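Take a look at the structure below.
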Amino acid sequence: MADPGAVAEAVAERLLQERRASCPRPLGLATGRTMVPVYGALRRQFDRFNAPDQQAIRQGWLSFNLDEYVGLGPTDPRSFAAFMADQLQGPLGLAPAQVQLPDGLAADPLQEAGRYRAALVGAGGIGLQLLGLGSNGHVGFNEPPCGPEAPCRCLALSAATRAQNAPAFGGDAGAVPLQAITLGLAEILAAERILLVVTGAAKASMLRRALLEPPCPEVPASWLQHHPRLEVLVDGPAATALPQER
Ligand code: GLP
């Protein structure tokens with residue numbers, strides 16, 4: 001696709017289609033800069049539905065985010081909970097409980113990871129999982145090295161990831177939390193469908209490794225190749241290292 005705007009419109013269509021299907025399983029949602037235009041497109045498309053359709057989408061909504069920083073709660077604007085409240089939950093008029101995230105303020109993050117996994121399993125597991133790509137090949141916060149059976153857990157963030165996410169922390173990588181709770185590759189690969197969204201030239205070579213080289217722990221996103229229903233949506237710059245856009 002030509003640009004991030006076109007990618008975002010296509011992703012938003014798929015997310016809303018999934019929510020409008022009969023008895024959908026929960027959506028799996030992601031944060032990050034790649035997703036800002038996606039949620040913008042989703043809000044615009046939502047606004048174009050008539051009131052009864054909007055109400056039907058609202059009533060049935062249940063989503064589980066991939067991850068959250070340990071130590072940040074919803075009142076901290078740098079938390080993923082605050083990002084989702086701003087981008088999705090507030091504008092669509094959803095109740096906070098309809099947009100689930102791990103609790104970054106839980107007293108015991110290990111226990112919180114177990115609770116979050118159990119809540120997801122109890123809700124039927126993910127139907128459609130939205131994913132971005134970390135510049136070091138992570139998905140969610142599954143940092144390399146990471147195998148395909150890694151479960152939902154609390155883990156240390158790599159220096160590369162803390163540097164990548166520094167812009168949300170005033171440009172200071174040292175201010176990025178040291179740990180996060182993330183769904184594992186196990187829960188991600190258990191989703192019915194996966195939508196990997198990658199934009200920008202900076203991710204082109206990692207995208208190539210993820211899609212075209214043999215799966216390996218050094219590129220956690222490469223395990224997605226094993227999923228039978230993986231769809232990859234990319235813009236032109238992200239696709240430059242691929243043999244053809246896919
Ligand atoms: C973050 C998130 C991922 C996200 C990725 C890419 O750290 N944990 O879920 O997809 O890194 O982020 P961005 O879209 O800002 O490049």
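Note that the structure is a prediction, hence the values are computed from the model and not measured. Both backbone and side-chain heavy atoms feed into the values below; hydrogens, waters and symmetry mates do not. In each ligand, atom 1 is the first atom listed, and ligand 1 is the first ligand listed.
The contact set between ligand 1 and Gly32, taken as ligand atoms under 4.0 Å from a residue heavy atom, comprises 14 (O), 15 (O). Interface atoms of ligand 1 facing Asn165, defined by a heavy-atom separation under 4.0 Å, are 1 (C), 7 (O). In the vicinity of Gly132, heavy-atom distances shorter than 4.0 Å reach the ligand 1 atoms 10 (O). The distance from ligand 1 to the heavy atoms of Gln164 drops below 4.0 Å at these ligand atoms: 6 (C), 11 (O), 12 (O), 13 (P), 16 (O). For ligand 1, the atoms closer than 4.0 angstrom to any heavy atom of Phe141 are 7 (O), 8 (N). Contact atoms of ligand 1 toward Thr34: 13 (P), 14 (O), 16 (O) (distance under 4.0 Å to a heavy atom of the residue).
Scanning the protein heavy atoms around atom 8 (N) of ligand 1, the nearest turns out to be Asp67 OD2, 2.8 Å. Annotation: atom 15 (O) of ligand 1 to nearest protein heavy atom, Arg33 N, 2.8 Å.
Of all the listed residues (His138, Lys203, Arg162), His138 holds the heavy atom that lies closest to atom 1 (C) of ligand 1.
The shortest N or O to N or O distance between Gly140 and ligand 1 is below 3.5 Å.
Side chain of Gln225 to backbone of Glu213: a donor-acceptor contact under 3.5 angstrom is found.
Within a 6.0 Å sphere centred on CD of Gln55, heavy atoms belonging to other residues, nucleotides or ligands number more than 12. Around CZ of Arg117, the count of heavy atoms belonging to other residues, nucleotides or ligands within 6.0 Å does not exceed 12.
If you look at Thr31 next to ligand 1, the close heavy atoms, those under 4.0 Å, all belong to the backbone.
Electrostatic pairing of Arg209 and Glu218 does not count as a salt bridge here, judged by no charged N lying under 4.0 Å from a carboxylate O. Taking 4.0 Å as the cut-off between side-chain N and carboxylate O, Asp53 and Arg20 count as a salt-bridged pair.
One finds the CD atom of Gln89 at 10.0 Å from the CG atom of Leu101 (value rounded to the nearest 0.5 Å).
Side-chain N/O atoms of Gln45 and Glu9 include a donor and acceptor closer than 3.5 Å.
Phe46 and Tyr39 have their aromatic ring centers separated by at least 6.0 angstrom.
Look at Leu133 and you'll find a heavy atom under 4.0 Å from some atom of ligand 1.
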